[in-house]
**Q** 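My questions all concern the structure below.
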Amino acid sequence: MGKVYLVGAGPGDPDLITVKGLKVIQKADVILYDRLINEELLSFAPEEVEQIYCGKLPEYHTLKQESINRFLCKFASQGKTVVRLKGGDPFIFGRGGEEAEALVKKGIPFEIVPGISAGAAAPAYAGIPLTHRDFSSSVAFVSGVSHKDDTEADWQRWARSVDTLCIYMGVKQLPYVCEQLIKHGRGRQTPVAIVHWGTTEQQQTVTGTLADIVEVSEGIKNPSMIIIGDVVKLRERLQWFEDLYLTESSTSSVI
Ligand SMILES: C[S@@+](CC[C@H](N)C(=O)[O-])C[C@H]1O[C@@H](n2cnc3c(N)ncnc32)[C@H](O)[C@@H]1O
């Protein structure tokens with residue numbers, strides 16, 4: 001029997017993978033990788049490695065989740081070292097839980113190698129601390145997409161109970177998210193940042209408020225992290241990555 005490693009590749013900058021993640025890539029027989037991983041990481045694998053692209057576009061799944069689960073079990077049953085390389089962290093909006101459950105069901109040995117999630121990394125590269133003693137003592141990682149039909153109660157809860165909201169997969173729902181947060185008590189002037197392709201050389205950050213972010217971020221697509229809360233104001237002073245590595249056109253701030 002082989003083994004499956006569910007590995008977080010980090011948010012995009014290939015240097016942000018963990019040492020353990022890199023070590024398991026170096027001994028992989030098979031790598032099944034997602035769309036958002038930095039493909040530079042595949043160059044660390046042995047030459048004879050089998051690579052399988054499982055890339056999921058938001059509305060199009062190249063490989064269905066059930067097929068991915070089947071592949072993981074099949075290769076491990078053949079005695080192979082299987083690396084399932086996923087963007088960010090496998091257990092944060094990464095379906096790592098579903099894959100681990102499938103492995104448990106079939107009695108396949110596995111390990112989880114955590115990664116740096118985009119929700120932590122993109123704000124850090126945009127100069128936005130998620131917590132700060134003066135501005136925020138709580139943060140929630142929230143998905144912009146939900147399986148439920150009615151999510152208003154969730155947004156009401158998040159609007160009232162958390163200082164900083166970090167929203168994954170939320171670009172399409174941004175107008176609804178802003179409307180809900182304002183409706184349930186967040187000020188219209190609450191600062192918002194959207195970090196597109198965070199930690200990569202395409203990083204682009206747009207800032208605004210709940211009242212105007214939809215307008216000022218027009219054209220920004222996925223993958224993007226939406227950060228909402230007073231900590232966003234700190235970017236004015238703490239912005240570092242864009243200043244050091246990127247050209248002026250890749251950053252725009254409106255607050
Ligand atoms: C399916 S979730 C995967 C999250 C991943 N497991 C993680 O921990 O970062 C995909 C969403 O993560 C966010 N995301 C992933 N990489 C990103 C990046 N480099 N910059 C900004 N957002 C990113 C986007 O919201 C994207 O739609």
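Residues take their numbers from the sequence shown, with the count starting at 1.
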**Q** Any side-chain to backbone donor/acceptor pair from His184 onto Arg160? Under 3.5 Å, distance only.
**A** no
**Q** Among residues two or more places apart or on two chains, list those pairs meeting side-chain hydrogen bond (donor to acceptor under 3.5 Å, both in side chains) that have a residue in residues 118-135.
**A** Asp13-Tyr125
**Q** Can you check side chain to side chain donor-acceptor pair (under 3.5 Å) on Thr164 and Ser136, steps first, answer last?
**A** CA-CA 6 Å; Thr164 307; Ser136 164; 2.7 Å; yes
**Q** Just verifying a value: how many Å separate Leu103 CG and Leu72 CG, rounded to the nearest 0.5 Å?
**A** 5.5 Å
**Q** Quick one: does Pro223's side chain get under 4.5 Å of His196's, heavy atoms only?
**A** yes
**Q** Does Trp197 have any ring-ring contact (aromatic ring centres under 6.0 Å, His included) partners at least two apart in sequence or in another chain, and if so, which?
**A** none
**Q** Okay, side chain of Thr18, backbone of Gly21: is any donor-acceptor separation there less than 3.5 Å?
**A** yes
**Q** Report yes if some heavy atom in the side chain of Cys73 is under 4.5 Å from a heavy atom in the side chain of Lys105; otherwise report no.
**A** no
**Q** Below 4.5 Å, heavy atoms only, C-beta onward: do Val139 and Val231 meet side chain to side chain?
**A** no
**Q** Establish whether Val171 and Val232 are linked, either directly or via other cluster members, by ILVMFWY side-chain heavy-atom contacts under 4.5 Å.
**A** no
**Q** State, with a plain yes or no, whether a side-chain heavy atom of Asp230 is found less than 4.5 Å away from one of Asp163.
**A** no
**Q** Would you say that Glu99 contacts Asn69 through its side chain, given a criterion of any heavy-atom pair below 4.5 Å between the two side chains?
**A** yes
**Q** So do the side chains of Arg186 and Ile228 get within less than 4.5 Å of each other, counting heavy atoms only?
**A** yes
**Q** Taking all non-hydrogen atoms of both residues, which atom of Leu41 and which atom of Ile25 are closest, and how far apart?
**A** O-CG2, 3.8 Å
**Q** Not counting sequence neighbours, which residues clear side-chain contact (heavy atoms from CB on, under 4.5 Å) with Ala140? List them please.
**A** Val142, Val162, Leu165
**Q** Applying the side-chain contact (heavy atoms from CB on, under 4.5 Å) test to Val30, which of Val49, Ile52, Val4 qualifies?
**A** Ile52
**Q** Taking a hydrophobic cluster as the set of Ile, Leu, Val, Met, Phe, Trp and Tyr residues connected by side-chain heavy atoms closer than 4.5 Å, whether directly or through intermediates, do Leu36 and Met169 fall within one such cluster?
**A** no
**Q** Quick one, Val177 and Ile226 - any side-chain contact, counting heavy atoms below 4.5 Å?
**A** no
**Q** Please list all pairs meeting ring-ring contact (aromatic ring centres under 6.0 Å, His included) that have one or both residues in residues 69-119, counting only residues at least two apart or in different chains.
**A** Phe71-Phe75, Phe93-Tyr168
**Q** So which atom in Ala76 and which in Val82 form the shortest heavy-atom distance, rounded to 0.1 Å?
**A** N-CG2, 3.8 Å
**Q** Between the side chains of Gln204 and Glu242, does any donor sit under 3.5 Å from an acceptor?
**A** no
**Q** Taking only residues at least two apart or on different chains, which pairs with a member in residues 5-50 satisfy ring-ring contact (aromatic ring centres under 6.0 Å, His included)?
**A** Tyr33-Tyr53
**Q** List for me each residue that meets side-chain contact (heavy atoms from CB on, under 4.5 Å) alongside Ala126, sequence neighbours excluded, and say none if there are none.
**A** Ile128, Val195, Gln203, Thr205, Arg235
**Q** For a 4.5 angstrom cut-off between non-hydrogen side-chain atoms, does Leu16 reach Pro11?
**A** yes
**Q** Check Pro90 against Lys86 and note the closest heavy-atom contact, atom names and distance.
**A** CB-CD, 3.8 Å
